Amino acid sequence: MEKKNISELLKNFDFVVPEIQREYVWGDNKNKQVLVQFLRDLNEKIELGETNIGFLYSYQSGQEHYLIDGQQRYTTILLLLYYLSIVDSEETYVEYMALQKLDSVRPSFSYRVRTHTDSFLTNLLKSKTTDPQMIEDQTWFKRDYRKDTTIKSMIGALEVFKEWVPKLQNLTYKGVINNVCFWYFDVAQTSQGEELYITMNSRGEKLTDSEQIKPRLLNKMGDVMEKEKYGKKWDDWEEFFYNRSLRGDRSVNSIDVAMNNMIRITLELISKREHDNINPVEDAEVITLADIECYMNAIKHLISLSNGKYKEEVERLYGDAESDGQFYVLKSLLTELLKGQTDEHEYERVYQTIINHVRRNKIKSHIDFLNYLDCYKNSDFGFYSFIIDTQNEYASKVFTGHELDKVKLC
C-alpha cells in the first residue's frame with residue numbers, strides 16, 4: 001500500500017472503470033448534497049496541508065489498473081481538476097490535458113468498456129466546456145448521452161462546481177493536484193498477514209477498523225469479478241451511512257463509527273462472541289463480505305418497516321446513543337429479519353420486549369444473549385413461543401422471573 005497524490009496517480013497509473021462497477025452518481029440530484037459536503041470537507045482539509053481522502057483499490061491487468069473501489073471520489077477529483085484547470089489558466093489546462101493522455105492508447109483514466117461514457121468524457125475534457133447549459137449544445141454531444149446515468153451525473157457535478165468553487169478559496173488546481181492523496185492498494189499484492197496499522201495522513205490518524213479489515217476480506221475472494229462486485233457494494237454501504245436522511249447533522253467522522261459498529265454486530269451475531277474492538281487479522285477469518293452484505297440488507301429493510309419506527313435503532317450505529325450501547329434491540333430486530341419474518345406485529349413484540357429488558361438492565365450476559373438469538377434464528381418457533389415452549393438453555397437465562405411472567409401473560 002502506498003500513499004500517492006493525484007499528480008502521481010495520473011502520471012503512473014492508467015485506471016479503467018470496469019463495466020461491473022456502479023455508475024458515477026455523486027452529481028445526480030439525489031446525491032448532490034453528498035458532493036457539496038465532500039467539497040466543503042476538502043476545502044477545510046487542504047487548508048491544513050496534505051489531505052488524505054481514503055483508498056483506491058484496484059487490480060492490474062496488463063498495463064492497466066481496474067478500479068474496484070474509490071471510483072466516486074476519484075472521478076469527482078478528476079472532474080474538479082478539469083474545472084479548476086480552466087478557471088486557472090490556459091497553461092494549467094494544457095498541463096492537465098497532458099496528464100490525462102487522452103490521445104494515448106491508454107489514457108490515465110477511462111470508461112473504456114462503456115462506449116458512450118468514455119466518448120463523452122474524452123469529448124468533454126477536450127472541449128474546454130464547463131457550463132452545464134452549453135454542454136448539450138456541443139456538436140459532439142449525442143442524443144444517447146442523455147440516457148447515461150454517469151454522464152448526467154458528471155454534468156450535474158460541473159453544475160455544483162460552478163456554484164460552490166467560488167465560495168471555497170482553498171479549492172485551487174495546484175492545491176488539489178499536489179495536496180490531495182489516496183492510499184493506493186493493488187489487491188492482488190495484498191496479503192492477509194500484511195501489517196496495516198499505519199498512519200493515514202501527516203497528522204497521524206490511524207486507519208479505522210473497517211478500513212483495515214476491508215482489504216483482508218477482499219483478498220479472501222479469489223475471483224476478480226467478485227472483488228469488483230464487493231468493492232462496489234462497500235461503496236454503497238458507506239454511502240448509505242453518509243446519507244443525510246439517516247445521518248442528520250452528525251459529522252462525516254460518524255460514518256466510520258457506523259461502519260465499524262455494523263461490522264462489530266455482524267461479527268458478534270455470527271461468532272456469538274463479544275467484539276468491543278475489531279481485530280482485522282483474526283476477524284477477517286470469521287466473517288465474509290457476503291455476511292456483511294446480508295446484515296446491511298437487513299438494516300436497509302428494517303428502516304422501511306412500520307413507517308420507519310425502527311430507524312432510531314439504526315441511528316444508534318453512529319455511536320451517539322445514550323442507551324443500548326450493545327445494540328440489543330437492533331440485533332434482535334435483525335435476527336427477526338434474517339429469520340424471514342413477514343408479520344410486522346412480531347417485530348413489535350420483539351421490539352417492546354427487548355427494549356423493556358434493556359431499560360430495566362435485565363440482560364446480564366451478552367454472550368448468553370448472542371447464543372439465544374442464534375438459537376432463535378435457527379428455530380421454527382415464533383418469538384414468544386420460543387421463550388416459553390422450548391427447553392433452550394439460553395432463552396431461560398435471558399428471560400427469567402418477572403420478565404418471563406410478562407412474556408407468558410402476553
Side-chain angles (χ1 to χ4, degrees), residues 246 258 261-276 286-287 290-319 321-410:
L246 183 67
N261 281 329
M262 186 64 233
I263 294 170
R264 275 184 53 214
I265 285 177
T266 303
L267 281 163
E268 289 180 339
L269 289 171
I270 287 177
S271 69
K272 301 181 287 295
R273 294 188 293 110
E274 289 181 322
H275 281 76
D276 291 334
V286 176
I287 61 171
D291 292 327
I292 299 175
E293 178 186 18
C294 182
Y295 282 100
M296 277 301 304
N297 289 342
I299 282 283
K300 294 174 182 178
H301 188 184
L302 182 62
I303 289 179
S304 68
L305 293 177
S306 300
N307 296 316
K309 177 173 182 175
Y310 309 119
K311 181 182 176 184
E312 181 180 354
E313 299 307 318
V314 176
E315 290 176 346
R316 292 182 191 278
L317 291 170
Y318 290 105
E322 294 181 0
S323 60
D324 198 9
Q326 296 289 1
F327 308 105
Y328 290 121
V329 177
L330 180 57
K331 288 171 184 172
S332 302
L333 291 168
L334 292 177
T335 298
E336 200 69 48
L337 275 163
L338 267 63
K339 191 176 171 67
Q341 182 59 252
T342 58
D343 182 358
E344 291 203 12
H345 294 294
E346 190 76 344
Y347 290 96
E348 180 64 18
R349 296 181 190 108
V350 171
Y351 176 75
Q352 291 296 342
T353 302
I354 303 301
I355 203 168
N356 287 336
H357 232 47
V358 171
R359 286 170 178 168
R360 293 177 173 84
N361 196 28
K362 293 294 183 180
I363 301 176
K364 302 303 181 184
S365 169
H366 192 189
I367 300 298
D368 287 344
F369 187 79
L370 292 170
N371 278 283
Y372 155 73
L373 290 179
D374 185 65
C375 294
Y376 171 55
K377 182 182 71 175
N378 295 310
S379 77
D380 295 326
F381 287 90
F383 182 67
Y384 285 163
S385 298
F386 183 76
I387 296 171
I388 299 169
D389 298 335
T390 70
Q391 301 299 313
N392 184 272
E393 62 172 308
Y394 295 110
S396 62
K397 288 179 180 178
V398 173
F399 299 94
T400 59
H402 179 60
E403 300 300 321
L404 179 59
D405 291 338
K406 285 200 298 184
V407 170
K408 291 178 179 178
L409 189 61
C410 290

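Everything numeric in this text was worked out from a predicted model, so none of it was measured. Because only heavy atoms are used, hydrogens play no part in the values below, and waters and symmetry mates are left out as well, while side chains stay in.
Residues Gln326 and His366 come closest through the heavy atom pair OE1-CE1, 3.1 Å. In this structure, Asp291 and Val286 approach most closely via the heavy-atom pair OD2-O, 4.4 Å. Heavy atoms only, all atoms of each residue included: Ala395 and Tyr372 are closest at CA-CD1, 3.8 Å. Heavy atoms only, all atoms of each residue included: Lys377 and Thr335 are closest at CB-CG2, 3.7 Å.
Between the CG atom of Asn356 and the NZ atom of Lys362 there is a distance of 11.0 Å, given to the nearest 0.5 Å. Rounding to the nearest 0.5 Å places CZ of Arg264 at 9.5 Å from NE2 of His275. Between atom CD1 of residue Ile292 and atom CD1 of residue Ile287 there is a gap of 4.0 Å, rounded to the nearest 0.5 Å. Atom-to-atom distance recorded for Asn392:CG and Asn371:CG is 9.0 Å, nearest 0.5 angstrom. One finds the NZ atom of Lys331 at 12.5 Å from the CD atom of Glu313 (value rounded to the nearest 0.5 Å). We find the OG1-CD distance between Thr266 and Glu293 to be 11.5 Å, quoted to the nearest 0.5 Å.
Phe383 and Phe399 have perpendicular rings, their planes meeting at more than 60° on a 0 to 90° scale where under 30° would count as parallel.
The closest side-chain heavy-atom distance from Val350 to Gln341 is not below 4.5 Å. The shortest distance between side-chain heavy atoms of Ile367 and Lys272 does not fall below 4.5 Å. Arg316 is not listed as a side-chain neighbour of Asn261, based on a closest heavy-atom distance of 4.5 Å or more. Using a 4.5 Å cut-off on side-chain heavy atoms (C-beta onward), Arg349 and Asp343 make contact. Considering only heavy atoms from C-beta on, Leu334 stays 4.5 Å or farther from Leu373 through its side chain. The side-chain heavy atoms of Leu269 and Leu338, taken from C-beta on, include no pair separated by under 4.5 Å. Looking at Tyr310 and Glu348, their side chains come closer than 4.5 Å, going by heavy atoms from C-beta outward. Counting only heavy atoms from C-beta outward, the side chains of Leu337 and Leu305 approach each other to under 4.5 Å.
Cation-pi geometry between Lys339 and Tyr376 is met: under 6.0 angstrom from the ring centre, within 45 degrees of the axis.
Evaluated for a side chain to side chain contact (heavy atoms under 4.5 Å, CB included) with Ser332, the options Phe327, Tyr347, Tyr351, Phe369 yield exactly one hit, Phe369.
A 6.0 Å sphere centred on CG of Asn378 holds more than 12 heavy atoms belonging to other residues, nucleotides or ligands.
Within the 3.5 Å criterion, the main-chain N or O of Val398 finds a donor-acceptor partner in the side chain of His357.
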